[in-house]
Visitor: 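This is the structure, below, for whatever I ask next.
These figures come from a predicted structure and were not determined experimentally. Here is how names work: the chains are called A, B, and so on, in the same order as the sequence lines, proteins then strands, and each is numbered from 1.
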2 protein chains.
Amino acid sequence: MTALEILKQHEIKKTPARMSMIQVLQSGQYPMSENEIKEHMANLYDRVTFYRNVQTLSNAGIIHKIVADNTTVRYALNCCEIEHNHTAEHAHFYCKNCHEVVCLNQIKIPAYDLPKGYKFVDCDVIIKGTCEKCNQ
Amino acid sequence: MTALEILKQHEIKKTPARMSMIQVLQSGQYPMSENEIKEHMANLYDRVTFYRNVQTLSNAGIIHKIVADNTTVRYALNCCEIEHNHTAEHAHFYCKNCHEVVCLNQIKIPAYDLPKGYKFVDCDVIIKGTCEKCNQ
DNA sequence: ATTCAAATGAAACAATGTTGCAAAGATAAT
DNA sequence: ATTATCTTTGCAACATTGTTTCATTTGAAT
């Protein structure tokens, strides 16, 4: 799915900054931090615009934030929603050593039973430890 | 368990700031933000000291951070470790409406199977939605 | 009591996130 | 095409959150 198609599907206006943000996230293999995204966006990056588009795109469900240990927030496309029509999201792994974040596509997030009166919307699962590379 | 006992058990020096932090967290029913803790610590609160003790206490496993949506970090005692000798941690619930965080003691965090080479240390589960009060 | 490492608090800094507002760009109607 | 309207952008200024440095104080062990 192209960046343009994604925006159209969510009825969000196509702008250079948004197109670029989505394309950069598509090109990366891992959830990316603001700085990583910024580097790839070059002249299309402006801090305020970035934060505002994070808002817009994440409200639309196009991207989501992943906050591992604080304080590096990472952003990723909601690939699941696109691939298997938004049923199960997956868990993420945070390496305490190299601080990278990877998607654990195998680990799906179950449907939790909440106490009476609570309504489920979303769920984040961050598994922390040390990654393959760091354990060698 | 008293604050003093907790510190002794972890071989961490007793200081007024640490004692107060732990006592404040014990008195609250929910994971508390820095500002909530600050209010209850009164004159014992200093920002730098607070952040340093968050480091110390969380390295020791006495407290942990809970980051829901960013950017309000909350802190809670690792009650599980104390109550049922650190087997299963529990999930947390974040209300998108009132922004409160509550412990979901019923929902234990399972032992996830990680890919080869990865080592598990910790896991955060944040379930998001709307809470009892907000759904009325 | 003396000693020595660890903890504190103040100031300064750095990074992260937000708000207000004027200019630029897109949309729709005439 | 031209105007009117709404959204998005980019800048400046601000607010909040977290860190570093360093002199001073404190805790606890001898």
Side-chain angles (χ1 to χ4, degrees), chain A residues 3-4 6-24 31-39 41-60 62-76 94 96 99 101, chain B residues 2-24 31-39 41-60 62-76 94 96 99 101:
Chain A
L4 181 56
I6 293 174
L7 288 174
K8 276 204 174 145
Q9 189 191 328
H10 290 85
E11 295 181 321
I12 288 178
K13 293 209 180 90
K14 170 195 172 188
T15 71
R18 289 171 187 170
M19 288 290 287
S20 177
M21 269 181 73
I22 295 177
Q23 284 160 356
V24 167
M32 298 166 83
S33 67
E34 175 179 355
N35 280 331
E36 289 171 312
I37 296 171
K38 169 183 175 178
E39 279 165 25
M41 284 182 69
N43 58 328
L44 284 172
Y45 171 85
D46 169 82
R47 219 145 76 70
V48 177
T49 302
F50 174 80
Y51 281 105
R52 281 194 282 228
N53 281 332
V54 162
Q55 269 286 109
T56 305
L57 298 182
S58 95
N59 281 344
I62 295 175
I63 66 170
H64 65 277
K65 295 190 211 175
I66 299 156
V67 187
D69 224 24
N70 219 50
T71 152
T72 39
V73 178
R74 310 205 166 230
Y75 304 90
Y94 170 74
K96 292 198 174 204
H99 308 290
V101 171
Chain B
T2 68
L4 181 56
E5 286 168 336
I6 294 174
L7 288 174
K8 277 205 172 144
Q9 187 190 332
H10 290 84
E11 295 181 321
I12 289 180
K13 291 209 180 93
K14 171 197 172 187
T15 70
R18 288 171 186 169
M19 289 290 287
S20 177
M21 268 180 74
I22 295 176
Q23 284 160 355
V24 168
M32 296 167 85
S33 68
E34 176 180 354
N35 280 331
E36 289 172 311
I37 295 171
K38 169 183 173 178
E39 278 164 26
M41 286 182 66
N43 58 328
L44 285 173
Y45 171 85
D46 168 84
R47 219 142 77 71
V48 178
T49 301
F50 175 81
Y51 281 105
R52 281 193 284 228
N53 282 332
V54 162
Q55 270 285 111
T56 305
L57 298 182
S58 97
N59 282 344
I62 296 174
I63 65 170
H64 65 279
K65 296 190 213 177
I66 299 155
V67 187
D69 223 26
N70 220 50
T71 149
T72 38
V73 178
R74 308 202 168 233
Y75 304 90
Y94 169 74
K96 293 198 174 206
H99 308 291
V101 171

Visitor: Is A:Val54 close to A:Met21 at the side-chain level, that is, under 4.5 Å between some pair of heavy atoms?
Guide: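 Counting from C-beta outward, A:Met21 and A:Val54 do come under 4.5 Å.
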Visitor: Which residue, B:Lys65 or A:Asn43, contacts DNA chain D at a nucleotide closer to its 5' end, judged by nearest heavy atom?
Guide: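 Here A:Asn43 is the residue nearer the 5' end.
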Visitor: Check if the side chain of B:Arg52 and the base of D:dG18 share a donor-acceptor pair of N or O atoms closer than 3.5 Å.
Guide: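 Side chain to base: no pair below 3.5 Å.
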Visitor: Side chain of A:Val48 only, heavy atoms from C-beta on: which candidate in D:dA12, C:dG17, D:dG18 is closest?
Guide: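 Comparing D:dA12, C:dG17, D:dG18 against the side chain of A:Val48, the answer is D:dA12.
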Visitor: Would you say C:dA15 has OP1 or OP2 under 4.0 Å from some side-chain N or O of A:Asn35?
Guide: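 For C:dA15, neither OP1 nor OP2 has a side-chain N or O of A:Asn35 closer than 4.0 Å.
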Visitor: How many whole angstroms separate atom CD of B:Gln55 from atom C1' of D:dT20?
Guide: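 So the two atoms are 13 Å apart, to the nearest Å.
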Visitor: Could you give the NZ-to-C1' distance, from A:Lys8 to C:dA26, as a whole number of Å?
Guide: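 Computing the A:Lys8:NZ to C:dA26:C1' distance gives 14 Å.
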Visitor: More than 12 non-hydrogen atoms from neighbouring residues, nucleotides or ligands closer than 6.0 Å to NZ on B:Lys38, yes or no?
Guide: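 No, not enclosed.
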Visitor: Between D:dT17 atom P and B:Glu36 atom CD, what is the distance in whole Å?
Guide: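 So the two atoms are 12 Å apart, to the nearest Å.
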Visitor: Report the relative orientation of the aromatic rings in A:Tyr75 and A:Phe50; use parallel for angles under 30°, tilted for 30 to 60°, perpendicular for over 60°.
Guide: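 Plane angle over 60°, so perpendicular.
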Visitor: Of the listed nucleotides (C:dT8, D:dT17, D:dT9), which one gets closest to any side-chain atom of B:Arg47?
Guide: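 So the side chain of B:Arg47 is nearest to D:dT17.
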Visitor: Could you tell me the separation between the CG atom of B:Asp46 and the C1' atom of C:dA12, rounded to a whole number of Å?
Guide: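 These atoms are roughly 14 Å apart.
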Visitor: Does B:Thr15 place a side-chain N or O at less than 4.0 Å from the phosphate oxygens OP1/OP2 of D:dG27?
Guide: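 Looking at the OP1 and OP2 atoms of D:dG27, neither is under 4.0 Å from any side-chain N or O of B:Thr15.
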Visitor: Does a donor on one side chain sit under 3.5 Å from an acceptor on the other, for A:Tyr94 and A:His99?
Guide: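 Their side chains do contain a donor-acceptor pair, which is all the 3.5 Å distance test asks for.
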Visitor: Nearest-Å distance, CD (B:Glu11) to P (D:dA28)?
Guide: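 So the two atoms are 13 Å apart, to the nearest Å.
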Visitor: Quickly work out the B:Tyr45 OH to C:dT8 C1' distance and round it to whole Å.
Guide: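 Between C1' of C:dT8 and OH of B:Tyr45: 14 Å.
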Visitor: Taking the side chain as everything from C-beta on, heavy atoms only, tell me whether A:Tyr51 gets closer than 4.5 Å to A:Arg47.
Guide: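 Side-chain contact under 4.5 Å: yes.
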Visitor: Would you indicate which nucleotide in C:dT8, D:dT9, D:dC11 comes nearest to any side-chain atom of B:Asn53?
Guide: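 Taking heavy atoms from C-beta onward, the closest nucleotide is C:dT8.
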Visitor: Using heavy atoms to find the nearest nucleotide of DNA chain D for B:Lys14 and A:Lys13 separately, return the residue whose nucleotide is more 5′.
Guide: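 This one resolves to A:Lys13.
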Visitor: Taking only the side-chain nitrogens and oxygens of A:Tyr51, find out if one of them lies under 4.0 Å from OP1 or OP2 of C:dG17.
Guide: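 Yes.
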Visitor: Calculate the interatomic distance between B:Arg18 atom CZ and D:dT26 atom P; express it in whole Å.
Guide: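 Atom-to-atom, B:Arg18 to D:dT26, this comes out as 15 Å.
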Visitor: CZ of B:Phe50 versus P of D:dT19: gap in Å, rounded?
Guide: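 Rounding to the nearest Å, CZ of B:Phe50 and P of D:dT19 are 11 Å apart.
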